[in-house]
**Q** 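Here it is, the structure, as structure tokens.
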Amino acid sequence: MMNRWPVVKRLLPLLAGMALLLSACGREDLSALNPQGPVAQEQLGIMKLSITIMVLVVVVVFAIAIYVLFRFRRKPGDQTIPKQVEGNHKLEIIWTVIPLILLVILGVPTIQSVFGLAQDYSKDENAIQIKVTAHQYWWEFEYPDHGITTAQEMIIPTNAVISIEAQSADVIHSFWIPSLAGKIDTNPGGNVNNMYFEATKPGVYLGKCAELCGPSHAYMDFKVKAVDDASFERWVTAMKEPATLPEDAAIAETFTSQCLTCHAIGDKGLQGLYPNLTGMGSREAVAGFLLNTDDPKYKNEGSVYDNLVRWIKDPEAVKPGNQMPKVDLSDEEIEAIAKYLSEQKLDY
Ligand code: CUA
């Protein structure tokens, strides 16, 4: 027989490397394997339970199969036909009952969690109500109890139940914040889906669209920013403050006629149809995914100003298939508008 040890020996470093690589998975801001709130924690618990049961079954079945292969193989010189056994009641009962027990162990907590996590907080006065509307390719977040609508960045208080009513303005998308909760489809036609989640500590958690929805599906990111209660209240107040237009009268006029016919900023512009621009300067990203950072570990890095210029100059090149038109403005005008927007910071 061929000696397989050298092959195994060569694979060992690879396996060890993979184990190391996988153990580094689980980014705090983006991984279901590194939960940051009770909902994600419970979902990870179910994953661990089911994987443990599966691994147990695989190990036991393989161990028995390998044992039988070696123990009962035909030996050299042995010509006798072994005793032919057809059926064994005791064994059959054992291998029927064991899977039944395993299914009960898996089923009871799974069903408990499924119904527990489906709890509806939409009438709960202590929960923060947020209406999520997905659009090709951006996210609208409306806080009906606070009279606020924003885009791309959901600000939430920590340790509060966030009750989500999710739907879509066009095609089916899926709302997913891996480190906070499992995903939920957003459907068109007034078909609303509910979910809830909670973040236990302040931080920025990345959200994704998890349903193929068109050419820019992969860029349909959003952020959930969890802050303490006082910051959340300050944010709510700051969002409601009246907007100041650019100081330069000509730029103010251009901004009003070119941008505010679709967008809103503070109390000005067209409300509720396209992404709200209030507090653009304090956002984590432009267009949902051009990160406002100088950290070279992220591609697309740049300041909020750089990203705004890039985005306004050619939206189609940045995010194919989106509805933002290329505006007929000079570079100077675009830069002035980007500068103004990048200075619109919310103090919270
Ligand atoms: Cu929206 Cu994918």
Side-chain angles (χ1 to χ4, degrees), residues 25 27 29-33 36 39-40 43 117 129-144 148-156 162-197 199 204-225 262-264 270-278 280 283-292 298-300 307-308 310-312 314-326:
C25 284
R27 262 172 59 177
D29 59 344
L30 185 65
S31 177
L33 302 178
Q36 301 301 314
V39 172
Q43 289 166 343
L117 295 176
Q129 305 294 333
I130 303 180
K131 288 186 174 176
V132 171
T133 309
H135 300 253
Q136 280 172 317
Y137 301 94
W138 61 280
W139 297 91
E140 181 185 335
F141 304 124
E142 186 192 343
Y143 298 62
I148 293 174
T149 300
T150 186
Q152 310 292 42
E153 272 184 36
M154 179 188 283
I155 311 297
I156 59 165
I162 312 300
S163 165
I164 300 289
E165 279 191 7
Q167 55 182 323
S168 169
D170 36 53
V171 300
I172 299 175
H173 306 263
S174 183
F175 175 81
W176 190 27
I177 317 149
S179 56
L180 295 179
K183 54 197 156 194
I184 197 161
D185 271 11
T186 66
N187 296 308
N191 182 353
V192 174
N193 276 335
N194 288 81
M195 70 176 285
Y196 76 92
F197 63 85
V204 178
Y205 305 102
L206 307 194
K208 291 264 170 198
C209 175
E211 180 85 46
L212 185 60
C213 54
S216 282
H217 156 70
Y219 304 132
M220 202 170 151
D221 290 4
F222 61 97
K223 311 279 176 293
V224 173
K225 207 188 260 182
C262 288
H263 296 280
L270 182 69
Q271 306 281 345
L273 207 52
Y274 291 103
N276 191 295
L277 304 177
T278 314
M280 208 55 227
R283 293 211 190 146
E284 300 289 319
V286 168
F289 78 105
L290 296 179
L291 295 176
N292 303 328
Y298 300 102
K299 55 178 190 199
N300 306 323
N307 286 333
L308 277 164
R310 183 175 159 202
W311 169 242
I312 302 168
D314 196 355
E316 182 63 23
V318 173
K319 214 173 187 180
N322 86 89
Q323 290 193 35
M324 167 110 167
K326 196 170 170 172

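All values reported here derive from a predicted model rather than from experimental measurement. As the structure lists them, so they are numbered: ligands from 1, and atoms in each ligand from 1. In this chain, numbering begins with 1 at the start of the sequence shown.
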**Q** Under a 4.5 Å cut-off applied to non-hydrogen side-chain atoms, are Asn322 and Trp311 in contact?
**A**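 A side-chain contact exists here, since the closest heavy-atom pair is under 4.5 Å.
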**Q** For the pair Trp139 and Phe175, name the ring-plane relationship: parallel under 30°, tilted 30 to 60°, perpendicular over 60°.
**A**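 If you compare the ring of Trp139 with that of Phe175, the planes turn out perpendicular.
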**Q** Classify the ring geometry of Tyr137 against His173: parallel below 30°, tilted from 30° to 60°, perpendicular beyond 60°.
**A**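 Tyr137 and His173: perpendicular rings.
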**Q** Decide if atom CD of Gln323 counts as having more than 12 heavy atoms of other residues, nucleotides or ligands within a radius under 6.0 Å.
**A**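 No, CD of Gln323 has 12 or fewer neighbouring heavy atoms, counting only those of other groups under 6.0 Å.
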**Q** For the residue pair Gln129 and Ser163, confirm or rule out a side-chain donor-acceptor distance under 3.5 Å.
**A**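 Yes, because at least one side-chain N or O of Gln129 sits under 3.5 Å from a partner of the opposite role on Ser163.
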**Q** Under 2.8 Å from atom 1 (Cu) of ligand 1, how many protein N, O or S atoms can be found?
**A**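 Excluding waters, the total comes to 4.
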**Q** Please indicate whether Tyr219 has more than 12 foreign heavy atoms, meaning atoms of other residues, nucleotides or ligands, lying under 6.0 Å from its OH.
**A**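 No, because the 6.0 Å sphere around OH of Tyr219 holds 12 heavy atoms or fewer from other groups.
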